[in-house]
Trainee: 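Input: one structure, supplied below.
Indexing begins at 1, ligand by ligand and atom by atom, following the structure's order.
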Amino acid sequence: MSIAATTSWDSSVLPERQERFIAQKARDGAEFLAALGMTVLCGGPMPKLTIAIDGPAGSGKSTVARRVAQMLGYLYLDSGAMYRALALKALRQQVTLDNEGALEELARGTHIELKSPTPEQEAAGAKNRVFLDGEEVTPEIRTAEVAQAASRLAAIAGVRKVLVAEQQRAGAGGGIVMEGRDIGTVVFPNAELKIFLDASPEVRAERRWKEHQEKGEAMALAQVVEEVRERDRRDRERKVSPLVRATDAVLVDNTAMDAEEIARLIVMLGREREKELANATGRKT
Ligand code: DC
């Protein structure tokens, strides 16, 4: 398995007013200290964090994680897209989803690339572009069939080992927001900021149902509720790396808040962590 993740943010999307506000505050602070006869020492760039966002299906992780990465200028990696892409390959090659050896072998020989979506894809709800062995499979991996297959294949220890190693390699330098089920517990247990995003099963199922509707896929709400329940159960009850909240993760309930509010909250927590780390490593501001 190899993966390549690139996310190039258009700098014009960064909240310009926020940047100006921060720059002004820095100037105000420097002037205040100068008036007291003190100097300001800036010891290089702020440390770049690893931010882990975990949660069940439909909790809004992708929207929030992508937005957080955008606001911080970090790399964004959707680990679920990797399990989905591999599941699609297994379905296409008719590898049965209980053939552990064959699936691990398949994982080892797969190249997955994650890129930013085009504006058209973004307007259609895509959070990233996914390439499987060079072929774009962005819409193909979002079907209910692939979601269930991904959840089954993700219960196999050998498959997880291969994917987790790639995720760790991709995030090794920090400055990344990675979303999934086991990011804060297994992939990056030392992540500087961990979020567990949750919402009621009804709200999560309704969100998924709306996504299917927008894509023109007719599905009864009751069917989507059942699928979300089944995936929840499998993801939470599997023996290897089940979906659990890391003890040091901040629990954020997304039932009532919207994605933008949650992203801003996480960015605020991230900025605090950056400052704490900068202070701990002796960087003076
Ligand atoms: O986030 P998602 O719904 O796209 O993920 C699809 C499946 O992949 C999910 O049901 C469980 C699995 N998965 C996982 O086991 N571990 C991850 N870190 C991400 C996804």
Trainee: Who's the nearest protein heavy-atom neighbour of atom 19 (C) of ligand 1, and how far?
Mentor: S79 OG, 3.4 Å

Trainee: Please report the shortest heavy-atom distance between F188 and Q167, naming the atom on each side.
Mentor: CZ-O, 3.7 Å

Trainee: Going by the order shown, which atoms of ligand 1 are within less than 4.0 Å of some heavy atom of D235?
Mentor: 9 (C), 10 (O), 11 (C)

Trainee: Check each heavy atom of R84 against ligand 1 and say whether those closer than 4.0 Å belong to the side chain, the backbone, both or neither.
Mentor: side chain

Trainee: Considering only protein heavy atoms, which is closest to atom 16 (N) of ligand 1, and at what distance to one decimal place?
Mentor: R160 NH2, 3.0 Å

Trainee: Picking from T138, V137, L86, what satisfies side chain to side chain contact (heavy atoms under 4.5 Å, CB included) with L132?
Mentor: V137

Trainee: Please identify which atoms of ligand 1 are closer than 4.0 Å to at least one heavy atom of D182.
Mentor: 16 (N), 17 (C), 18 (N)

Trainee: Not counting sequence neighbours, which residues clear side chain to side chain donor-acceptor pair (under 3.5 Å) with E179? List them please.
Mentor: S62, Y76

Trainee: Ignoring hydrogens, what is the shortest heavy-atom contact between K61 and D54? Give both atom names and the distance.
Mentor: CD-C, 3.7 Å

Trainee: Is there a chain of hydrophobic side chains (I, L, V, M, F, W, Y, each step under 4.5 Å between heavy atoms) that links V267 to L197?
Mentor: yes

Trainee: Identify which one of I51, L49, L193 satisfies the side chain to side chain contact (heavy atoms under 4.5 Å, CB included) criterion when paired with L269.
Mentor: L193

Trainee: Under 4.5 Å between any side-chain heavy atoms of P56 and D235, yes or no?
Mentor: no

Trainee: Looking only at protein heavy atoms, identify the closest one to atom 3 (O) of ligand 1 and say how far it is in Å.
Mentor: R231 NH1, 3.0 Å

Trainee: Heavy atom of Q167 under 4.0 Å from ligand 1?
Mentor: no

Trainee: List the residues meeting side chain to side chain donor-acceptor pair (under 3.5 Å) with R236, not counting sequence neighbours, and say none if there are none.
Mentor: none

Trainee: Of the backbone atoms (N, CA, C, O) and the side-chain heavy atoms from C-beta on, which set of R181 has a member under 4.0 Å from an atom of ligand 1: side chain, backbone, both, or neither?
Mentor: both

Trainee: Heavy-atom distances under 4.0 Å are what count here, so tell me which part of R234 touches ligand 1: side chain, backbone, both or neither.
Mentor: neither

Trainee: Just need the protein heavy atom nearest to atom 8 (O) of ligand 1, so name the residue and atom and give the distance.
Mentor: Y83 CB, 3.5 Å

Trainee: Starting from atom 12 (C) of ligand 1, what is the nearest protein heavy atom, named by residue and atom, and what distance separates them?
Mentor: A154 CB, 3.7 Å

